[in-house]
Amino acid sequence: MVGTKNNRRSQMTERLIQDSLIDLLKSQTINEITVTAVCKAADINRGTFYAHYNDVKDCMHTMEQDATKELLAVINEHTHPHSLRAILTGSFEVVKKRHAVTSFILTTDQDFLMQFIAITKREIDENNRIKGPAVSARERQYMFEYYVNGIVGVVRYWLKTGLHESPEQLANFINDWWYRGKPVQDMTDLPPEN
């Protein structure tokens, strides 16, 4: 792996391997996928795979870490306390760009998801990035859990239904719910799922 990380051909090969793994995840679990299967799907030899990754899980871990870095960069870019919409829009853009990886994380890799949520919470809390109602610290913790789990549910639904709304539209929905407490008038009026 020495000297291979920064050149364009190496990056294209890594992307090919990652895309092939994502395609295989549509029909198999991560534990069922072999290096040989990834190599066959990517039309590369095993030596090429091992020049970049130790095994299939290492490849997936790398993709998860890359997504995490991008998401945390979005959070760290927005330092104003009222930047929820910007943070959400940027985060949803990353989710859309890396939809296959984020779908895997949200549906399969619960340990990674919980770790990511904890990191996100710490980043937001340490810098007081999002202003909400004046409540006790304990109530703020519950509120954060409520909203984060709601956002995770919204993103899961967005991925499941084909990413029809733009990242901006989704961010506006959540921003409105957070700041204006946009009420749901009657749950029986919800349209049926497609």
query: Any idea how F173 and W177 line up, ring-wise: parallel (<30°), tilted (30 to 60°), or perpendicular (>60°)?
result: parallel
- request: List the steps and the verdict of side-chain contact (heavy atoms from CB on, under 4.5 Å) for F112 and Q65.
  value: CA-CA 10 Å; F112 182 82; Q65 293 304 314; 3.5 Å; yes
message: If you compare all heavy atoms of T29 against all heavy atoms of L25, which two are closest, and at what distance to 0.1 Å?
response: C-CD2, 4.1 Å
query: Closest heavy-atom contact between C39 and F49?
result: SG-CB, 3.6 Å
message: Under the rule for side-chain contact (heavy atoms from CB on, under 4.5 Å), what residues qualify as partners of V56, not counting sequence neighbours?
response: L21, I30, I33, V35, V38
query: What do the steps show when you test E77 against I87 for side-chain contact (heavy atoms from CB on, under 4.5 Å), and what is the final call?
result: CA-CA 8 Å; E77 178 182 326; I87 290 171; over 6 Å; no
task: Quick one: pull up CD in E64 and NZ in K57 and give me the separation to the nearest 0.5 Å.
output: 11.0 Å
- prompt: Are I22 and M12 connected in the hydrophobic side-chain network, where two residues link if heavy atoms are under 4.5 Å apart?
  reply: no
Spacing of Y157 atom OH and L170 atom CG [to the nearest 0.5 Å]: 11.5 Å
statement: Smallest heavy-atom separation, V94 atom then A67 atom, equals CG1-O, 4.2 Å
query: What do the steps show when you test T48 against T13 for side-chain contact (heavy atoms from CB on, under 4.5 Å), and what is the final call?
result: CA-CA 8 Å; T48 300; T13 301; 3.6 Å; yes
- line: Nearest heavy-atom contact between H164 and W158 is N-NE1, 4.0 Å
- prompt: Of E139, E145, R138, which meets side-chain hydrogen bond (donor to acceptor under 3.5 Å, both in side chains) against Y142?
  reply: R138
message: Applying salt bridge (Lys or Arg N to Asp or Glu O under 4.0 Å) as the test, list every pair that has at least one member in residues 31-53; sequence neighbours left out.
response: none
field: Between D23 and S20, a side-chain donor and acceptor under 3.5 Å
entry: no
- prompt: Which heavy atom in I151 sits nearest to a heavy atom in L88, and how many Å separate them?
  reply: CD1-CD2, 4.0 Å
Step-by-step side-chain contact (heavy atoms from CB on, under 4.5 Å) determination, M143 to Y146: CA-CA 5 Å; M143 242 174 62; Y146 176 79; 5.5 Å; no
query: Which heavy atom of Q18 sits nearest a heavy atom of C59, and at what distance?
result: CG-SG, 3.9 Å
field: Any residue meeting side-chain hydrogen bond (donor to acceptor under 3.5 Å, both in side chains) with D66, in chain and number order, not counting sequence neighbours
entry: none
